[in-house]
Amino acid sequence: THFLNMNRLFFFFNGFDLAHGLPTSYRDFIVDYWRGIFVRNGQKKIKREDLLIDLICEFEGIYNNSEYDLIDRIKTYNELKSFIERNKNRGYGVFNIEFKNSFFENICNKSIENWVDIEAEYYRELKKIVKLSINSDKKKERVKVLNDEFEEIKNLLSRYLGEKVDEAYDFVLKDDYPILQFLLPELMPSFSEDEFLKEFKYNDQSYVKKFLKEGIKNYTVETFFLSFNYTKLAEAYSDGVAYSKKLNYIHGKLCNPDNLINFGFGDEMDDDYKVIENLDDNEYLRNFKSFQYSQNSNYKKLLDYIESDKFQVYIMGHSCGLSDRTMLNTIFEHPNCISIKVFYYERKDENGKVINDNYTEIIQNISRHFNKKGLMREKIVNKTLCKPMPQIQ
């Protein structure tokens, strides 16, 4: 049997961290934020001032009233609003909250739960400002406020992930770790001709014939871990497997002052982006990822990898939203990209029975990163050859 080699490019995104039970979602962050504000610790008054809000809650009347006990369990802004609405005319206390960060107020009111949606909301707000019928100086002033507010949230995110994830969890993998065992077959450096043709359905027969003729002599397979996350989890996997591999924190890494996290928007294929670029003012471009990539060599290393040989993309925990569209288009439509394999998330009921999954949602998102739809249909591996990601509670 002939064995063919194929480089593998793994995408580790937030869903990969979540599959390991890490509290890295935006919902985890925002619940931690509100819970940190409203835990009373026996006090009858809460006063909170930070970059995002000013808050005062004074408890009068019946301290043990069941309605007041609920405030210790508030996890979202909507729960807070409901609490205030129920109690504002009952004479039990004083409640006042004032947002100092309008962008934060906006995403709180919309009950956003995913980081990619935060980035998309930032871009929507930026486009709204660009389309306003006001003079250029006032527009720029509003954009600067938006950028500063977005920066405040990014800094809080970095601090949260550092304190509540990187410093709070053990990232040492064990040989019997479920997801490591799940990944090991995918990291194997070669597979049979039949497996190759079945999974990839690739039409470049000259490439297949090359390997049938030359075999695997003098051929080094490289596994490339492309982490869109900021935690140490991808590093643990890079250290924990024995195959030839590279690790790239494409969006930066926590606890590294020389490599700030890249959190923003990255869709320069959008028609409105051309309008923004033509404004000839760099303040409008401050939070676009492409300009942040130039701060280090990570993006260049990724390009060198995809130029080096044929590769398959393995998507683990990435929703493939538009906030990374320019980069994903570069990878997906590259002639060396043979196929795109999705490891999807299964939603289960309380008894462990599968309700549905997000495979179709992911490939629909992937399609938006292709200009050539024929290529998209050729490269996406069908669901019968894909697998759900294991989840650790």
J.: Tell me if the NZ atom of Lys300 is crowded by more than 12 foreign heavy atoms within 6.0 Å.
T.: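 Open.
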
J.: Determine, for Lys232 against Glu235, whether the closest basic-nitrogen to carboxylate-oxygen distance falls under 4.0 angstrom.
T.: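 Salt bridge flag = no for Glu235 with Lys232.
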
J.: For Tyr273 and Phe288: C-alpha separation, side-chain torsions, deciding distance, then whether ring pair (Phe, Tyr, Trp, His ring centres under 6.0 Å) applies.
T.: CA-CA 10 Å; Tyr273 175 78; Phe288 277 86; 5.0 Å; yes

J.: Flag yes if more than 12 heavy atoms outside Lys353 fall under 6.0 Å of its NZ atom; otherwise flag no.
T.: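 Open: at most 12 neighbouring heavy atoms sit under 6.0 Å from NZ of Lys353.
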
J.: Could Glu141 and Lys138 be called an ion pair, given the rule that one side-chain N must be under 4.0 Å from one carboxylate O?
T.: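 Judged by the 4.0 Å cut-off on N to carboxylate O distance, Glu141 and Lys138 do not form a salt bridge.
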
J.: Tyr314 and Phe11: aromatic ring centres closer than 6.0 Å?
T.: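 Here the rings of Phe11 and Tyr314 have centres that are no less than 6.0 Å from each other.
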
J.: Using a cut-off of 6.0 Å, state whether more than 12 heavy atoms not belonging to Arg286 lie near its atom CZ.
T.: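 Check passes, neighbour count above 12.
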
J.: How about Lys387: does its NZ atom have over 12 heavy atoms from other parts shown lying under 6.0 Å from it?
T.: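 Yes - once you tally the heavy atoms of other residues, nucleotides and ligands closer than 6.0 Å, there are more than 12.
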
J.: What about Tyr77 and Phe99, are their ring centers closer than 6.0 Å?
T.: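 Distance test on ring centres: under 6.0 Å, yes.
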
J.: Measure the CG-CD1 distance between Leu9 and Ile315 for me, rounded to the nearest 0.5 Å.
T.: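 Taking CG in Leu9 and CD1 in Ile315, the distance rounds to 9.0 Å.
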
J.: Answer yes or no: is there an ion pair linking Lys110 with Glu121, defined by an N-O contact shorter than 4.0 Å?
T.: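 Yes.
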
J.: For this output row, return yes or no: ring centroids of Tyr237 and Phe225 closer than 6.0 angstrom.
T.: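 So the answer is no for these two rings.
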
J.: With a 3.5 Å cut-off and no angle check, do the side chains of Asn147 and Asn287 form a donor-acceptor pair?
T.: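 Looking only at side-chain atoms, Asn287 and Asn147 do form a donor-acceptor pair, the distance falling under 3.5 Å.
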
J.: What's the separation between atom CZ in Phe104 and atom OH in Tyr33, rounded to the nearest 0.5 Å?
T.: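 OH of Tyr33 is found 5.0 Å from CZ of Phe104.
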
J.: Closer than 4.0 angstrom, basic N to acidic O: yes or no for Arg8 and Glu222?
T.: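 The answer is no: the pair does not qualify as a salt bridge.
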
J.: Against the six-membered ring of Tyr344, is Lys383 placed for a cation-pi contact (under 6.0 Å from the centre, within 45° of the normal)?
T.: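 That pair qualifies as a cation-pi contact.
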
J.: Charged N to carboxylate O under 4.0 angstrom, Arg347 versus Asp357?
T.: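 Here Arg347 does not pair with Asp357 in a salt bridge, since their nearest N and O are not under 4.0 Å apart.
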
J.: Step through the shown structure and confirm whether more than 12 heavy atoms of other residues, nucleotides or ligands are within 6.0 Å of NZ on Lys100.
T.: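 Yes, NZ of Lys100 has more than 12 neighbouring heavy atoms, counting only those of other groups under 6.0 Å.
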
J.: Just checking Lys154: does its NZ atom have more than 12 heavy atoms from other residues, nucleotides or ligands closer to it than 6.0 angstrom?
T.: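 Yes - once you tally the heavy atoms of other residues, nucleotides and ligands closer than 6.0 Å, there are more than 12.
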
